[in-house]
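Positions are given from 1 along the sequence.
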Amino acid sequence: MDPAQRPLSARALLRWQFRIAHELLEAAIERLTVETVLRCPTGTAVSAGACYAQVVLCEDLSVNGVLGAGTPLALSTWVGRTGVSEIPSLTDPASWLPWARRVRLDVGQLRSYARAVYASTDGYLAALRDDALERPPEEMPACVLNGLLLTLSMRRGEIACLHAFDGQ
């Protein structure tokens, strides 16, 4: 069989899915001005920047902390350089909205940090053994990785809605 016609391995498929999800998220952010990224709409919505920061932090903490059993970039090599004034509470999911309303963002730093997180995720996936993904779907790492892909997609959708709402 021609190598180009072989089906993708589960690992290769996940790497491709994360690459596309990252590209779509970045494209959504690139379309916005810095002012729009930082603007907090009225009501219960949060800024596009807070949505972006949350999903990048979530990926870092999940891949580098939980799956990689190491220290997330935000708490090690990128401490003080994430573009996020504070890390949200890791023990209280209900604190996300108050955090999103008060966090201060440096969009340039945040996007650099995001690229480092994406590279780290790709490195994790590249090193992942194929049999690690042959476990039942509810077991790690497949469950966590699928959750991250869904979160990336949802946050990208929220950012796109904020873009449309802003009339840009």
How far apart are the closest heavy atoms of L73 and D60, and which atoms are they?
N-OD1, 2.8 Å
In this structure, would L150 and F18 fall into the same cluster of hydrophobic residues linked by side-chain contacts under 4.5 Å?
no
Verify same cluster id: V34, L25 (apolar side-chain graph, 4.5 Å)
yes
Side-chain cluster (under 4.5 Å, hydrophobic types only) that W16 belongs to, other residues:
L8, L13, I20, L24
Indicate, with yes or no, if L75 and V79 share a hydrophobic cluster defined by side-chain heavy-atom contacts under 4.5 Å among Ile, Leu, Val, Met, Phe, Trp and Tyr.
no
According to a hydrophobic-cluster definition based on side-chain heavy atoms being under 4.5 Å apart (Ile, Leu, Val, Met, Phe, Trp, Tyr only), do L61 and M154 belong together?
no
Stepwise, does the side-chain hydrogen bond (donor to acceptor under 3.5 Å, both in side chains) test hold for E59 with T121?
CA-CA 8 Å; E59 184 172 333; T121 297; 2.6 Å; yes
R156: what forms a side chain to side chain donor-acceptor pair (under 3.5 Å) with it, not counting sequence neighbours?
none
Minimum heavy-atom separation for L105 and A50, please, with both atom names.
CD1-N, 3.7 Å
Is the ring pair Y113/W78 parallel, tilted or perpendicular, if the boundaries are 30 and 60 degrees?
tilted
Would L125 and L145 count as a side chain to side chain contact (heavy atoms under 4.5 Å, CB included) here? Give the steps.
CA-CA 10 Å; L125 293 171; L145 293 169; 3.7 Å; yes
Following the transitive rule for hydrophobic clusters with a side-chain heavy-atom cut-off under 4.5 Å over Ile, Leu, Val, Met, Phe, Trp and Tyr, establish whether L149 and V66 coincide in one cluster.
yes
Can you name the closest pair of heavy atoms from R155 and Q54 and give their distance?
NE-OE1, 2.7 Å
Can you tell me how far apart OG (S62) and CG (L148) are? Round to the nearest 0.5 Å.
4.5 Å
Give a yes or no on whether a salt bridge exists between R19 and D122, defined as a side-chain N under 4.0 angstrom from a carboxylate O.
no
Flag side-chain contact, heavy atom, 4.5 Å: V37 against S47
no
Spell out, as yes or no, whether a donor-acceptor pair under 3.5 Å connects the side chain of S120 to the backbone of A116.
no
Could you measure the distance from the CG atom of L67 to the CG atom of L128? Nearest 0.5 Å is fine.
8.5 Å
Please report the interatomic distance CD1(I87) to OG1(T82), rounded to the nearest 0.5 Å.
5.0 Å
Flag, side chain of D131 to backbone of E134, donor-acceptor distance under 3.5 Å:
no
For I29 and A48, the nearest pair of non-hydrogen atoms, with its separation, is CD1-O, 4.3 Å
Would a 4.5 Å heavy-atom cut-off, applied to side chains only, mark V56 and Y118 as touching?
yes
Looking only at heavy atoms, the pair that brings P72 and N64 closest together is CA-CB, 3.7 Å
Are E26 and R115 close enough for a salt bridge, meaning some N to O gap below 4.0 Å?
no
Minimum heavy-atom distance between E35 and R39, given as atom pair plus value:
OE2-NH2, 2.7 Å
Atom CG in L38, atom CG in L32: separation rounded to 0.5 Å?
10.0 Å
Rounded to the nearest 0.5 Å, what separation is found between the CZ atom of R11 and the CZ atom of R129?
10.5 Å
Quick test of your reading: applying salt bridge (Lys or Arg N to Asp or Glu O under 4.0 Å), list the pairs with at least one residue in residues 82-99, sequence neighbours left out, ordered by first then second residue.
E86-R102
In Å and rounded to the nearest 0.5 Å, what is the CH2 to CZ distance from W96 to R101?
10.0 Å
